Amino acid sequence: MKTISGISVFPGVVIGTALLFLEDNPEIPRYSIAEAGVERELARFVEAARDAAGELRRLKESAHGISREQEDIFGAHLLMIEDPDFHYQIKARLESKYENIEWIVREVSRELSQKLVMSPNAYLRERAADVSDVSRRIINRLLGQKEFSLAELSQDVILVAHSLLPSDVLAMDRSRVKALAMDTGSGTSHTAILLRSFGIPAVVGLSNATREISGGGVLVVDSEEGKLIIDPDTETIQNYRDAVERNRKLPGKLRSLKNLPAETPDGRRVVLNANLDMPEEAGGTSFYGAEGIGLFRSEFLFMTPGRSAEENQLQAYGSVLKAMGGKPVTIRTVDIGGDKAVPGFQDRGEANPLLGWRAIRLSLSLPEMFKTQLRAILRSSPEGTVKILFPFISCVEELEDALRLLEEAKTECRKKGQGFSDHIEAGAMIEIPSAVMTADILAEKSDFFSIGTNDLIQYALAVDRGNEKVNYLARPTHPAVLRFLKQSIDAAHNRGIKAAMCGELAGDPSVTPLLLGLGLDEFSMAAASIPSVKHIVRRVRFSDCQALAEEALACTTYRQTDGLLREWAKAHINER
Ligand code: PEP
Ligand code: MG
């Protein structure tokens with residue numbers, strides 16, 4: 001028996017049989033060609049790229065029930081296959097090297113993906129997998145190899161791969177793949193996004209799992225703890241069987257929670273909201289019992305040229321407000337730069353983009369763009385209940401400037417006779433240590449706080465959230481982080497405003513009792529996580545959670561706190 005630790009992408013416990021999927025490119029031959037052969041090789045490439053694109057389109061059409069985000073991944077691959085610049089690079093390399101086209105495609109794609117891997121920008125690094133996906137598809141065509149497909153599996157499996165590609169996830173028989181273990185990957189890759197949206201328990205970033213495992217062996221994927229257990233002994237299997245049985249009963253139970261309030265037995269009521277990346281996803285959030293949108297990341301509007309025009313933004317915000325039918329929608333003003341690459345706003349030669357021109361800093365330095373967004377939000381407000389959230393506030397001056405521009409935007413709307421709701425709340429994201437330390441001052445000017453733990457942990461502990469080498473240090477239960485959370489929540493309450501959280505931590509049920517105990521009022525998370533968090537809220541007593549928070553704050557190490565949370569859960573949740 002051997003246990004390997006990795007990063008959990010979607011929680012669950014699965015015992016099953018390993019299917020080893022060695023998806024590397026087949027051996028690619030390399031040989032010289034005569035000058036006269038260039039045209040023929042090029043024609044082979046064009047045909048293979050066309051076939052590969054056709055295959056992707058077919059896959060997209062046959063993949064029923066996929067979301068807009070998943071469709072976009074197909075779209076990105078199609079764009080790449082048909083990209084004139086990619087075709088130009090292939091042709092230029094062929095005409096200078098006189099080598100067979102399979103090798104040329106491999107070389108051009110490898111260079112492209114290496115450039116992306118070296119990028120300081122996490123988003124671009126993740127796109128390297130997309131380049132490999134596309135080139136593998138074309139090379140397989142050129143070599144006459146049938147694309148190995150995970151679409152027809154005859155039994156339930158735990159899929160083990162070195163680097164599963166997004167199109168593999170889209171194509172695979174998801175009723176048969178019960179869990180996934182992968183050597184590479186981080187929580188923000190396209191592959192991880194897809195696994196999470198399909199609700200497949202998965203652990204990624206396992207380094208050498210494929211070398212340790214033989215196909216057909218027994219595995220346990222414990223993605224609640226981020227662990228893969230190879231050849232588990234009888235006792236381990238029995239322990240995990242109990243967990244599987246508990247989890248099996250959960251989905252039905254969780255669905256039955258949909259219309260029940262997120263309230264502890266001793267009467268502490270909190271609000272559970274959904275995070276939203278694309279307007280089209282809004283309608284689906286009520287299925288999970290979302291009470292509103294706690295974070296609408298408006299960055300998507302700036303990813304596609306032309307989509308950020310005021311009327312387009314108005315339409316996008318209005319559609320979300322309508323879909324939510326009066327439930328509150330918190331629109332965060334654009335948060336681009338740093339690790340969020342957006343065409344036209346990136347690669348400006350910044351040595352430290354994570355400490356650079358991003359989010360509110362970018363908005364304040366482009367006031368016309370910022371006011372366009374604010375006007376669009378204001379104008380959308382009669383469609384429902386809207387709130388405005390400013391990201392990456394580091395000092396009170398930034399909040400004051402943002403509020404001043406909001407007033408200017410209101411005046412501009414009034415002048416044009418454009419109506420908007422009377423009272424629109426405006427809040428600050430607390431995601432930089434300086435904001436925590438001045439939360440009492442920021443609270444004077446904010447209608448609410450929303451704590452962004454993804455960035456707060458990154459900046460509090462000096463750990464790049466996209467860097468898997470140092471990710472193990474990004475501990476939400478680090479005493480510094482807990483003190484920051486307490487200080488932010490207390491500052492909000494002292495001023496009589498609500499404290500929300502929209503970082504990933506808000507959707508982690510293992511810390512729900514602690515967050516409740518710290519006094520958090522609103523939790524915003526991936527919609528699919530809402531039932532599990534509500535399940536916990538409805539089982540624990542608020543007074544017990546408060547005592548837990550006090551104990552956690554007295555812990556001196558994250559290990560101690562993690563142990564405390566585990567023991568507490570055993571005593572207060574599992575055994576009841
Ligand atoms: C955060 O930093 O926690 C957050 C919610 O914002 P984002 O992940 O978009 O940076
Ligand atoms: Mg953030």
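The model shown is predicted, which means the values in this text are computed figures rather than measured ones. First listed ligand is number 1; within each ligand, the first listed atom is number 1.
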Aromatic ring proximity, centroids under 6.0 angstrom, Tyr459 and Phe484: no
Asp455 N/O/S atom closer than 2.8 Å to the Mg ion (ligand 2): yes
For the Mg ion (ligand 2), the closest N/O/S atom belonging to Glu431: OE1
Salt-bridge present (Lys498, Glu522; N to O < 4.0 Å): no
CA sep, side-chain torsions, deciding dist, call: Ser298, Gln373, side-chain contact (heavy atoms from CB on, under 4.5 Å): CA-CA 9 Å; Ser298 61; Gln373 175 162 39; 2.9 Å; yes
Quiz item: cation-pi between Lys258 and Tyr288, 6.0 Å / 45°: no
Six-ring centre of Phe390, Arg332 cation under 6.0 angstrom, axis tolerance 45°: no
Donor-acceptor side-chain pairing of Asn312 and Gln315 below 3.5 angstrom: no
Any side-chain donor near an acceptor of the partner, Glu368 and Thr372, under 3.5 Å: no
Residue contacts for ligand 1, heavy atom to ligand atom, distance under 4.0 Å: Leu295, Arg297, Arg332, Asp335, Lys340, Met429, Glu431, Gly452, Thr453, Asn454, Asp455, Arg465, Cys502, Gly503
